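None of the values given here were measured: they were computed from a predicted structure.
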Amino acid sequence: MNNNRFPKILIPDTNIYLWIIAILVAIIFTFDRYIGIFGIVLLVYLIYHNWKSNYVRKVKWKRYIENLSAEIDSAAQYSLLNLPIPLTIVEFDGSISWYNSKFSDMMKGKNILDENVEKIIPTLDLSELLEEKHKIKEVKIGDKIYRVLHNVVKIDTKHEERYIIMLYWLDITNFANLKMKYNNEKPVVAIIQVDNYDDVLQSTDEGVRPIVIAEIDRKINLWVNRMNGMIKKYQKDKYLVVFEKRYLENLEAKKFTILDDIREIDVGNKIPVTLSIGVGVNGKNLNYLEEYAVTALELALGRGGDQAVVRKIDTFEFYGGKTKAVEKRNKVKARIIAHALRQLINQSEKVIIMGHKIPDMDSFGAAMGVYRAAINRGKDAYIVIDKISAGIDNVYKKFQGKEEYKFISCSEALEIFDHKNLIVVVDTHRPSFVQCPELIEKSDRIVLIDHHRRGTEFIENTVLTYLEPYASSTSELVTEILQYMDDKINIEKIEAEALLAGITVDTKNFSFKTGVRTFEAASLLRRAGADTTEVRQLFQDDLSTFIARANVVRNAEIIEESIAISVCEEDIENVQLVAAQGADELLNIKGITTSFVMGKSDDGAILISGRSLGNINVQRILEKLGGGGHLTVAGAQLKDITFYEAKTMLINAIKEYLEEGEK
């Protein structure tokens, strides 16, 4: 029975019995002294006997415990010496003070006593192991992989108190190999698209076209077969590829050489063939991988094509993209976008237009073009501009004070905002760069028109996107849209001049990124009344700006023989304009093919303007610093940093880019 059911008073206790006997003896003594004396003698004997019995029992119990401890120590010692895994006892300075036979076998019988454990096992960092208690350390020794567990033990001796580290080595080679095999055999999905399939065939003689198509198919199939992959051509210019992840590392190391192989096709085609590749990696299943690949392909196309983009869940890796985007001569897309935009404007109560922060001529001109499109449809339109930069001061004065043009701040835009309004973003696709980011977060009716190569940051929730990296400027794209919005273009003279100024500034007076359609858009604006002389006057600068630009050129430093870097240290309001113009001026120097100019904005951020003649992709360089743009024109902003630190980061980014190109 369970003793817990009885009161504790009923549990046998010798002391209680002795007290009872003592009380009874005392009572007897009062009645009969002789019998009482006999009782006292008997009580003394019982007390002595009880004390002696307890003493003997304690001695036996102590001896039993001591013998048991010795047995435990013997068992522990035996277990320690014969532990089935390698064990090492290490002092805090790293010297090995003891190890078992399994560790000796692991080290192949080397004499390692008193040796430093980090010296004989270079892959082990003892301090790192002790600092990161919850991190599992794995080291490779020969062809074996071990997981290292540790335990710090305090040793007390007569003379000192010290600590030792016990290292346990668990052989996980089989598990690691299985894990590696699992990762290597994971599927990777890639979608390949021939960027200029129609243009290549149209420019090729009819008799040679089958040969060009066959050569494209042959090279892509050969590339996939080398990886033991599966390929399926599901459209005339698109391929679906599945291969194992083990081959991806090699593809990335070689920068997707298939891009160069396809570009070298010359079997009668007059235009080089280029590919865009989207790769999806590390998805939960094939459905996710296909989604990642589609997103990566869209990003590759949005950046101008002729490149591979690898999406690894939340990160993107870019390869290629060192050639200029090929101009598309088909205006069907512009017509479709114009009709879609017209419908969206018709369905909206108000149209709110905004460009990027610190607007330039292209941003302002494109906004004015969309403004005119909304006014022609009889809608209320507004242009969001919080601050007039020096780059648009001259053109803004032409519109300032005229009632028909409504310029509002970000706070005013938020006040009049309604979910029935249409938000049109021009000349940027990065939500953090727009004039009023809060509008982007609130609205689900956004139209995006831009000509910059797409970056990883992108306005996703758009109802209409028109992003064409081949275009010279956003003003060119908006001009084409205006052409198809109505039967004939209906635009005011100053609006046409603003659009023409936007094209002029982004093409550097029609010398960069200028295609056939650029001149067609310019001629359309000229017929609409744009005066080239007045457009030219919009770019006139005051004397201080001219002197600051001259100082930028004078202070330039040449690196890598053809790259100029300069700093605009003058405390002027229009530092961004001076930096951009200074970068353009540096390209006029013989032998300079790329230029970067830094300046400090009003809020203390370091602005960087990059320009190139086309042999170096300044977008790829400034993307490493958080910026973006085009192959020949790009920019970046760095906050909480000095000119020296910014220059060091820029030079490192340039060297990294050049090293990537040499591999």
Side-chain angles (χ1 to χ4, degrees), residues 76-153 163-189 226-229 242-254 279-285 288-289 292 310-315 317 663:
Q77 185 177 4
Y78 179 83
S79 299
L80 193 66
L81 293 172
N82 296 276
L83 198 67
I85 62 172
L87 171 64
T88 314
I89 296 179
V90 179
E91 303 293 338
F92 261 78
D93 62 358
S95 61
I96 298 174
S97 57
W98 183 87
Y99 53 89
N100 65 359
S101 58
K102 293 292 183 180
F103 186 78
S104 179
D105 295 340
M106 187 177 91
M107 301 307 298
K108 298 181 179 178
K110 295 180 182 177
N111 185 16
I112 54 177
L113 193 63
D114 294 330
E115 293 288 338
N116 191 291
V117 69
E118 294 179 344
K119 183 178 179 181
I120 63 173
I121 306 176
T123 53
L124 177 67
D125 189 331
L126 200 58
S127 58
E128 179 183 334
L129 182 68
L130 294 174
E131 288 173 4
E132 302 181 19
K133 295 181 179 178
H134 301 291
K135 184 176 180 180
I136 298 174
K137 181 69 176 177
E138 295 182 1
V139 298
K140 187 172 184 180
I141 303 175
D143 58 350
K144 297 282 188 179
I145 300 174
Y146 294 90
R147 179 176 296 165
V148 185
L149 304 178
H150 74 283
N151 186 27
V152 178
V153 180
Y163 293 88
I164 60 172
I165 306 168
M166 301 184 72
L167 301 179
Y168 306 89
W169 308 79
L170 306 180
D171 188 349
I172 59 167
T173 306
N174 293 335
F175 170 77
N177 290 338
L178 184 62
K179 182 181 178 181
M180 184 183 300
K181 184 179 180 183
Y182 167 74
N183 287 326
N184 287 338
E185 293 179 355
K186 275 186 176 180
V188 174
V189 173
R226 290 197 191 109
M227 301 183 293
N228 297 318
V242 180
F243 58 93
E244 292 182 346
K245 189 181 176 183
R246 72 177 75 205
Y247 300 101
L248 182 61
E249 184 178 351
N250 185 49
L251 293 180
E252 292 181 307
K254 293 184 177 180
V279 182
V281 190
N282 295 334
K284 292 181 180 178
N285 50 47
Y288 276 91
L289 289 174
Y292 291 170
V310 180
R311 179 177 178 181
K312 302 176 180 178
I313 305 180
D314 295 325
T315 61
E317 300 289 342
K663 292 179 181 178

Test item: side-chain donor near acceptor, Y247 and N228, under 3.5 Å: yes
Step by step, would you call K102 with L87 a side-chain contact (heavy atoms from CB on, under 4.5 Å)? CA-CA 7 Å; K102 293 292 183 180; L87 171 64; over 6 Å; no
Does the pair E138/K179 count as a salt bridge with the N-to-O cut at 4.0 Å? no
Look at atom CD of E185 and say whether more than 12 heavy atoms of other residues, nucleotides or ligands are closer to it than 6.0 Å. yes
Spacing of [atom1] belonging to [X] relative to [atom2] belonging to [Y], to within rounding of 0.5 Å:
X: I172; Y: R147; atom1: CD1; atom2: CZ; answer: 4.5 Å
X: M166; Y: W98; atom1: CE; atom2: CH2; answer: 7.0 Å
X: L248; Y: F243; atom1: CG; atom2: CZ; answer: 5.5 Å
X: K284; Y: N282; atom1: NZ; atom2: CG; answer: 12.5 Å
X: R226; Y: N250; atom1: CZ; atom2: CG; answer: 10.5 Å
X: K181; Y: R246; atom1: NZ; atom2: CZ; answer: 8.5 Å

Heavy-atom pair of closest approach, residues [X] and [Y]:
X: F92; Y: I164; value: CE1-N, 4.4 Å
X: Y292; Y: G280; value: CB-CA, 3.6 Å
X: I165; Y: H150; value: CG2-CB, 4.3 Å
X: K245; Y: V188; value: CA-CG2, 3.6 Å

Determine, step by step, whether N183 and K186 satisfy the side-chain contact (heavy atoms from CB on, under 4.5 Å) criterion, reporting the C-alpha distance in whole Å, the side-chain angles of both residues, the deciding distance to 0.1 Å, and the verdict. CA-CA 5 Å; N183 287 326; K186 275 186 176 180; 3.7 Å; yes
Going through the checks in order, is the side-chain contact (heavy atoms from CB on, under 4.5 Å) test met by I120 and I96? CA-CA 10 Å; I120 63 173; I96 298 174; 3.6 Å; yes
Is the shortest heavy-atom distance from the side chain of Y99 to the side chain of L167 under 4.5 Å? no
Only pairs at least two apart or in different chains count here, so list each side chain to side chain donor-acceptor pair (under 3.5 Å) that has a residue in residues 165-177. T88-W169, D171-T173
Quick check: does any side chain N or O of N100 sit under 3.5 Å from a backbone N or O of I85, one acting as donor and the other as acceptor? yes
